[in-house]
Amino acid sequence: MIETETFLVERPDSMKATPMIGATPPMIGATPDLFTLGRSALLRVQQLHDGRGVFARSRQLLNTGAWKGPRDAADSFVEDEDLLALGGISAAQQVGVRTLVVTLDKLDLALPCEGLRLLCRFPYRHDDDAKRRDARIHSLATFMKSGLALDGLIPTPAGEPQGIDTLMLFARLRTDLQIPHVIADFTRLGHRLAQMALGFGADELHGPIQPERALRLGSNTWNPVMTRKEAAMLLRGAGLRPHERLSGGALEEVTS
Amino acid sequence: MTTFAAVREKVQAGEALSQNDGVVLFAHPNLMELGALANDVRQRLHGDRTYFNRNFHINATNVCVATCLFCSFSRLKEGDKGAYTMKLDEAWGRLQQRVDAGEPITEIHIVNGLHDGLPFDYYTDLLRGLKRIKPDIHLKAFTAVELFFFHKHYGMSVESILRQLQEAGLDSLPGGGAEIFHPRVRRKLCDDKCNADEWLDVHRTAHRLGLRSNCTMLYGHIETPEERVDHMLRLRALQTETGGFQTFIPLAFHPDNNAMMKLPGPTGVEDLRTYAVARLMLHNIPHLKAYWIMLGVKTAQTALWFGANDLDGTVQEERIYHMAGADTPQTLTPDEIVRLIVNAGRTPVERDTLYNVIAEGDALTSTKPFRRSIRKSLEVVP
């Protein structure tokens with residue numbers, strides 16, 4: 001059952017305007033252990049979101065102009081790699097796109113994205129050089145200082161991610177950067193690791209969420225689609241209170 | 001009422017935890033606290049050492065008279081679609097080709113269906129043939145469920161069966177078939193194979209004959225936390241009695257292609273929680289194995305910080321869980337396993353089946369140009 005009384009505004013306007021490096025000293029370059037970093041990340045999620053974990057039924061605008069995902073999706077997004085073929089940001093906005101997902105090296109693209117929710121993919125490999133990864137985090141922090149209203153980061157593995165490395169990265173992004181949302185893309189991480197990331201600083205699930213899911217048979221065995229119920233279960237299992245993002249950005253608590 | 005803090009005190013004092021303590025641990029909302037406590041115990045027992053071995057699996061037949069609801073591997077009789085029984089030459093050939101290739105395999109893990117049409121000689125000949133090809137290979141073969149089936153089917157005592165298999169080359173027992181001991185669960189899932197007491201008694205007999213064994217628990221289906229704890233306590237009690245268990249292996253239920261495919265299966269957090277609780281409850285079973293075939297490589301690596309100290313082995317061609325939808329690779333090379341362990345900030349130790357050290361630390365890593373040098377920090381140090 002959905003608790004309809006508790007609509008929450010997703011994040012305060014003050015946070016939209018001034019994203020910046022966190023007040024606590026950044027841990028870039030430091031080497032805390034998994035649990036120390038994880039606890040700090042969890043604490044930050046508690047402070048920012050009061051234990052709320054979010055998912056949304058979303059659909060993606062592809063470079064062909066076609067939509068992928070449910071018609072009645074609450075959110076609609078486009079990846080930067082598809083923007084050019086679609087005619088740019090304003091063209092995408094005109095057909096109903098509400099969220100722009102850019103990769104870190106294309107953040108420039110996002111500067112004229114007034115009115116869109118802006119998410120950034122943070123690329124990583126399990127064998128990344130530490131200095132280069134630090135530099136990437138620093139460059140992101142610098143970008144955010146310049147006033148870019150980045151609403152969320154999606155750590156995105158190149159190749160097969162490793163467990164510990166991924167969780168450490170989620171926790172670092174949460175603790176090093178004062179960013180509203182750190183998002184677990186379950187199509188890239190898998191359901192298990194995505195849920196674990198929710199315990200290490202992530203507060204949102206990203207990926208195809210549909211009303212029903214076919215049984216895991218034949219070619220559907222590896223389909224990453226999850227249902228609304230599964231998303232809520234994963235969030236709840238990770239110790240967060242599941243909320244669904246509705247159209248307009250309001251959050252509704254999922255109580256069943 | 002027991003609290004997490006009270007349980008933590010007991011753990012720190014080295015006291016055995018009770019049924020109620022275990023339930024409190026499963027209900028504790030803070031996974032990080034639970035993991036840190038399990039990690040403390042792991043560190044106390046093993047430090048950073050994390051074991052693996054070079055093994056492969058033989059599943060000689062999937063014909064099985066049992067009808068366990070969670071099984072995707074078995075076929076009821078010969079001739080059913082997908083049913084197979086290896087000829088002995090074929091099974092021996094699996095080892096021969098690896099010997100010919102110069103692979104330094106130390107263990108074969110053999111688990112089969114309960115085939116009611118094979119003579120007992122099939123199994124003794126299987127072991128003898130493998131030993132003939134490689135006399136020093138360790139044969140970890142036949143679950144307690146299979147051995148109890150042999151006892152019923154061939155009309156011999158469990159002890160007699162074990163002695164004959166030992167004489168043919170059996171070195172230790174795998175831990176499969178335990179599922180969940182509680183009768184409520186067993187009645188629903190697998191009421192036509194041995195019950196908890198019979199499973200435990202087979203292992204008791206094996207331990208008395210000098211065989212070491214492993215033990216398992218299939219979790220994440222219809223069982224309750226209380227039933228998981230009950231399962232662990234029964235294993236712990238036998239371990240107190242015999243000391244014959246080497247490793248506890250929590251096995252994550254896979255819901256695909258079986259009669260329970262509507263169940264969701266355990267989540268990643270549930271996996272880590274179960275590993276952590278197992279490490280805390282089973283203080284007298286030395287090793288906790290993150291079986292990457294079932295957990296997935298990423299979760300298995302993470303479990304190394306939630307109590308686990310063993311990643312199993314190279315495996316090569318696993319059938320039972322892949323038919324149940326495991327999306328893991330069929331094999332990991334030793335280099336890949338070492339890299340996973342090192343990248344988790346642990347020290348790799350190659351072992352044999354009985355946990356004798358074959359190679360450790362630098363001896364395993366120095367030959368490879370690792371791009372990372374990580375110890376406890378888990379972070380990248382250039």
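The figures here come from the full heavy-atom set of this structure, side chains too, leaving out hydrogens, waters and symmetry mates. The chains referred to below are lettered A, B, ... by the order of the sequence lines, with proteins before strands, and numbering in each begins at 1.
Taking CZ of Phe35(A) as the start and CG of Leu37(B) as the end, the distance is 10.0 Å to the nearest 0.5 Å. Summarising the geometry, atom CH2 belonging to Trp305(B) is positioned 5.5 Å from atom CG belonging to Asp33(A); distances are rounded to the nearest 0.5 Å. Atoms CE and CG, from Met196(A) and Asp271(B) in turn, are 6.5 Å apart once rounded to the nearest 0.5 Å. For the atom pair OG1 of Thr302(B) and CE of Met168(A), the computed distance is 11.5 Å after rounding to the nearest 0.5 Å.
Residue Leu31(B): no heavy atom, backbone or side chain, is found under 4.5 Å from chain A.
Top candidate by heavy-atom pairs under 4.5 Å with chain A, chosen from Ala36(B), Gly35(B), Pro29(B), is Ala36(B).
Annotation: side chain of Glu160(A) is in contact with side chain of Lys298(B) (closest heavy-atom distance under 4.5 Å). Between Leu42(A) and Met32(B) the shortest side-chain heavy-atom distance falls below 4.5 Å. The shortest distance between side-chain heavy atoms of His126(A) and Asn343(B) falls below 4.5 Å. Put simply, the side chain of Arg192(A) does not reach to within 4.5 Å of the side chain of Thr267(B), judged on heavy atoms.
Across Ala344(B) and Ile164(A), no two heavy atoms sit closer than the pair CB-CG1, 3.9 Å.
Around NZ of Lys10(B), the count of heavy atoms belonging to other residues, nucleotides or ligands within 6.0 Å exceeds 12.
With sequence neighbours excluded, the residues that form a salt bridge (charged side-chain N to carboxylate O under 4.0 Å, His left out) with Arg174(A) are Asp203(A). Listed by chain and residue number, His46(B), Tyr51(B), Thr247(B), Asn309(B), Tyr355(B) satisfy the side-chain contact (heavy atoms from CB on, under 4.5 Å) test with His287(B) (two or more places apart in sequence, or in another chain).
Put simply, the side chain of Gln162(A) never gets that close to the backbone of Gln301(B): no donor and acceptor are under 3.5 Å apart.
By the 4.0 Å N-to-carboxylate-O rule, Glu33(B) lies too far from Arg39(A) to be salt-bridged with it.
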